[in-house]
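Working notes, structure below.
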Amino acid sequence: MPRYIAVIDQGTSSTRCMIFDQTGQAVSLAQAEHRQFYPKPGWIEHDPLEIWRNTQTVATEAMQKAEINTDEIAALGVTNQRETVVLWDKNTGNPVYPAIVWQDTRSAEICERLSIEVGPDRFRTITGLPIATYFSGPKLQWLLDHVDGLRARAYRGELLCGTIDSWLVWNLTGGKDGGIHITDVTNASRTLLMNLETLAWDDRLLAAMNIPASVLPAIHSSSEVYGIAKGIFAEVPVAGILGDQQAALFGQTCFSAGDAKNTYGTGAFLLLNTGPKPVQSHHGLITTVAYRLGDGPSVFALEGSIAIAGALVQWLRDNLGLIRTSTEVESLANTVEDNGGMYIVPAFSGLFAPYWRADARGVVVGLTRYINKGHFARAALEATAYQTRDIVDAMCRETGLQLDALKVDGGMVVNELLMQFQSDILGIPIIRPALAETTALGAAYAAGLAVGFWKDIDEIRDLWQKDKEWHPKMAAANRERLYAGWTKAVTRSLGWID
Ligand SMILES: Nc1ncnc2c1ncn2[C@@H]1O[C@H](COP(=O)(O)OP(=O)(O)O)[C@@H](O)[C@H]1O
Ligand SMILES: O=P(O)(O)OC[C@H](O)CO
């Protein structure tokens, strides 16, 4: 009887393979960062072949660390950075262009045209999303419009497209030798191409972007046996796919309407389970599929998406050289008592929720000769907390619900200073689970449920455990003074791009 579930967690910054036992404990983890390419301002690319190579490397390493073979793995789950688009030749298996990453803004003109020709209301009603460079459809249109010959090849049926889940599952199940071309509803709901009511590609939106349906993957549920892996996971059923933020919601066992979590990775994403009906937002949030288990009902979520969270820490490390590792940001931030009056608004890809301003760009404000690099580190961490406050406020206005605590996870939640400041700036407790890798865990649950490794979501709910809780220590007046500074700083970032 296989005793483990394996997961590939393909994030914006790195790829992990994790192996879980039936109690939801991680028995092994292997991780590899991949390169980020910035060919022009606002452009961000990944190499899909590097991501596939890293996937195989971390899978081998994780199995070696756990000292297990594939016959001990009951199922494989895949979770992924969402929206990032890969287009590849189905006969050679080679990508025809680098992956265009979700933070990339090159499709801004296409989005403007879609706003005029189709209109934001129509997109929002059909897909639950605003028209924004963030989503996959305009990125795919950009590829077909700008790379010579691609649209003709796409219409001739030579090319396949997908988000990273599709790319990996196709490769994991044999690639050009019979790989399956699929995605799940959560990833499809991030494309600006899927109809939220029918959960199918919408012909009117495909026509508006001149995208042939044949290039797109088949949409499946988030938990079912899609196919059997070949190669590295030979004979293991591939049985779960969830976009990484939905996976974290699932891993945090947010199964009931009203349950919410915030994941702090490269970006940060707060999702609130809203139950079996999509809720349209009037406060800058997006409507997305949270999960669908087999042929069960779909569960929806409202999401507040923040483009730049941990990425700002990486920027301090890689572009400014202020720190050598992401971990060092905490000790550097602790060299100062407060932000010294400075704010960083990291609108590197414009501002996402709740603003949706493509014309915003990053600003650093409040500089005086008093400011030193400690303040930069502190302001970088605070920016994530303020952006989360923007989202929580929008979520409360939208739903009338008051969050009484926030469950958190992701790579940044090891940062104690950030966690305390987040609690201070929201004025509510922050709760970190025993396993911060809830993204991978959520995909493990989805895969395990499909093969009967776990019986049902009630069994899974009982596995959630708390690690640590932070409570607000800041006086309310101080909190509001700091947050007012942030909202003023945000106004300075708007309208920078003409
Ligand atoms: N101690 C830390 N303090 C602040 N940020 C951190 C820390 N450790 C990692 N990070 C940030 O967390 C991000 C990685 O988190 P992760 O959840 O692995 O991201 P992703 O899923 O997007 O690849 C990186 O942007 C990194 O800079
Ligand atoms: O790679 P992450 O964890 O920052 O997640 C990226 C999101 O899926 C983008 O929507």
Side-chain angles (χ1 to χ4, degrees), residues 7-16 18 29 31-34 36 44 46 51 54 58 79-85 99-104 129 132-136 139 163-165 186-187 189-191 242-249 251 261-271 286 288 301 303-319 322-334 346 348-349 352-353 377-378 380-385 408-422 435-443:
V7 168
I8 299 296
D9 173 3
Q10 204 303 297
T12 313
S13 304
S14 70
T15 306
R16 297 177 180 81
M18 295 190 70
L29 180 155
Q31 179 170 8
E33 277 204 26
H34 53 270
Q36 311 285 323
I44 308 182
H46 291 161
I51 285 179
N54 284 1
V58 294
T79 178
N80 56 291
Q81 54 168 319
R82 307 164 302 168
E83 301 96 15
T84 298
V85 162
I100 303 185
V101 175
W102 57 277
Q103 294 161 320
D104 188 294
L129 308 174
T133 57
Y134 177 26
F135 305 110
S136 319
K139 295 182 198 297
T163 36
I164 295 283
D165 55 314
T186 66
N187 278 292
S189 75
R190 321 292 303 184
T191 57
L242 282 163
D244 57 5
Q245 303 309 321
Q246 285 88 340
L249 187 76
K261 67 84 204 180
N262 197 23
T263 302
Y264 301 76
T266 309
F269 302 86
L270 199 155
L271 272 75
I286 66 182
T288 199
E303 172 178 320
S305 329
I306 297 167
I308 303 290
L312 186 55
V313 175
Q314 286 172 296
W315 184 75
L316 295 187
R317 183 192 69 184
D318 302 337
N319 298 45
L322 288 186
I323 45 177
R324 276 170 304 149
T325 63
S326 295
T327 314
E328 277 180 21
V329 74
E330 186 166 1
S331 46
L332 185 56
N334 268 323
F348 296 170
S349 306
F352 286 10
R378 186 145 192 135
L381 294 175
E382 290 190 358
T384 290
V408 300
D409 54 75
M412 292 183 91
V413 302
V414 294
N415 192 308
E416 302 261 341
L417 186 155
L418 172 63
M419 293 297 99
Q420 181 58 52
F421 189 74
Q422 185 67 88
L435 186 80
E437 301 283 353
T438 48
T439 298
L441 184 60

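Note that the structure is a prediction, hence the values are computed from the model and not measured. We count ligands from 1, going down the list as the structure has it; atoms in each ligand are counted the same way.
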With a 4.5 Å cut-off on side-chain heavy atoms, are [Y] and [X] touching?
{"X": "Gln246", "Y": "Leu271", "value": "yes"}
{"X": "Glu437", "Y": "Leu29", "value": "yes"}
{"X": "Leu270", "Y": "Ile306", "value": "no"}
{"X": "Gln103", "Y": "Thr266", "value": "yes"}
{"X": "Gln422", "Y": "Val408", "value": "no"}
{"X": "Val7", "Y": "Arg16", "value": "no"}
{"X": "Tyr264", "Y": "Thr384", "value": "yes"}
{"X": "Ile286", "Y": "Phe135", "value": "yes"}

Would you check whether [X] has a nitrogen or oxygen atom less than 3.5 angstrom from a nitrogen or oxygen atom of ligand 1?
{"X": "Gly411", "answer": "yes"}
{"X": "Gly310", "answer": "yes"}
{"X": "Arg16", "answer": "yes"}

Nearest atoms (heavy-atom pairs only) where [X] meets [Y]:
{"X": "Leu316", "Y": "Ala377", "answer": "CD1-CA, 3.9 Å"}
{"X": "Ala309", "Y": "Gly265", "answer": "CB-O, 3.8 Å"}
{"X": "Gln245", "Y": "Lys261", "answer": "OE1-NZ, 3.1 Å"}

- [ ] Determine whether the side chains of Thr263 and Asp409 contain a donor N or O and an acceptor N or O closer than 3.5 Å.
- [x] yes
Provide, to 0.1 Å, the distance between [atom] and the closest protein heavy atom, together with that atom's residue and name.
{"atom": "atom 21 (O) of ligand 1", "answer": "Gly11 CA, 3.9 Å"}
{"atom": "atom 1 (O) of ligand 2", "answer": "Thr12 OG1, 2.4 Å"}
{"atom": "atom 11 (C) of ligand 1", "answer": "Met412 CG, 3.8 Å"}
{"atom": "atom 27 (O) of ligand 1", "answer": "Ser326 OG, 2.9 Å"}
{"atom": "atom 3 (N) of ligand 1", "answer": "Asn415 ND2, 2.9 Å"}

Proximal atoms of ligand 2 relative to [X] (non-hydrogen, under 4.0 Å):
{"X": "Tyr134", "result": "9 (C), 10 (O)"}
{"X": "Gly11", "result": "1 (O)"}
{"X": "Gly267", "result": "4 (O)"}

- [ ] Just go through Asp318, Val413, Thr266, Asp9 and tell me whose heavy atom is the nearest to atom 19 (O) of ligand 1.
- [x] Thr266
- [ ] Would you indicate which of Gln10, Gln81, Glu83 comes nearest to atom 9 (C) of ligand 2 when only heavy atoms are counted?
- [x] Glu83
Check each atom of ligand 1 against the heavy atoms of [X] and keep those under 4.0 Å away; list them by number with element.
{"X": "Val329", "answer": "3 (N), 4 (C)"}
{"X": "Val414", "answer": "1 (N)"}
{"X": "Ser13", "answer": "23 (O)"}
{"X": "Ser14", "answer": "23 (O)"}
{"X": "Thr327", "answer": "1 (N)"}
{"X": "Ala311", "answer": "25 (O)"}

Open item on the list: Is the ring pair Phe269/Tyr134 parallel, tilted or perpendicular, if the boundaries are 30 and 60 degrees?
Closed with: parallel
What do we get for [X] next to ligand 1 when only non-hydrogen atoms under 4.0 Å count, side chain, backbone, both or neither?
{"X": "Gln10", "answer": "neither"}
{"X": "Ala309", "answer": "neither"}
{"X": "Thr439", "answer": "neither"}

N or O pair under 3.5 Å between [X] and ligand 2:
{"X": "Arg190", "answer": "no"}
{"X": "Trp102", "answer": "no"}
{"X": "Phe269", "answer": "no"}

Within this structure, what is the [atom1]-[atom2] distance for the pair [X] and [Y], rounded to the nearest 0.5 Å?
{"X": "Asn54", "Y": "Gln31", "atom1": "CG", "atom2": "CD", "value": "10.5 Å"}
{"X": "Gln10", "Y": "Thr163", "atom1": "CD", "atom2": "OG1", "value": "11.0 Å"}
{"X": "Ser13", "Y": "Gln81", "atom1": "OG", "atom2": "CD", "value": "8.5 Å"}

Open item on the list: Heavy atoms only, cut-off 4.0 Å: how does Asp244 contact ligand 2, side chain, backbone, both, or neither?
Closed with: side chain
Task: Residue-ligand contact Gln314/ligand 1, heavy atom below 4.0 Å - done: yes
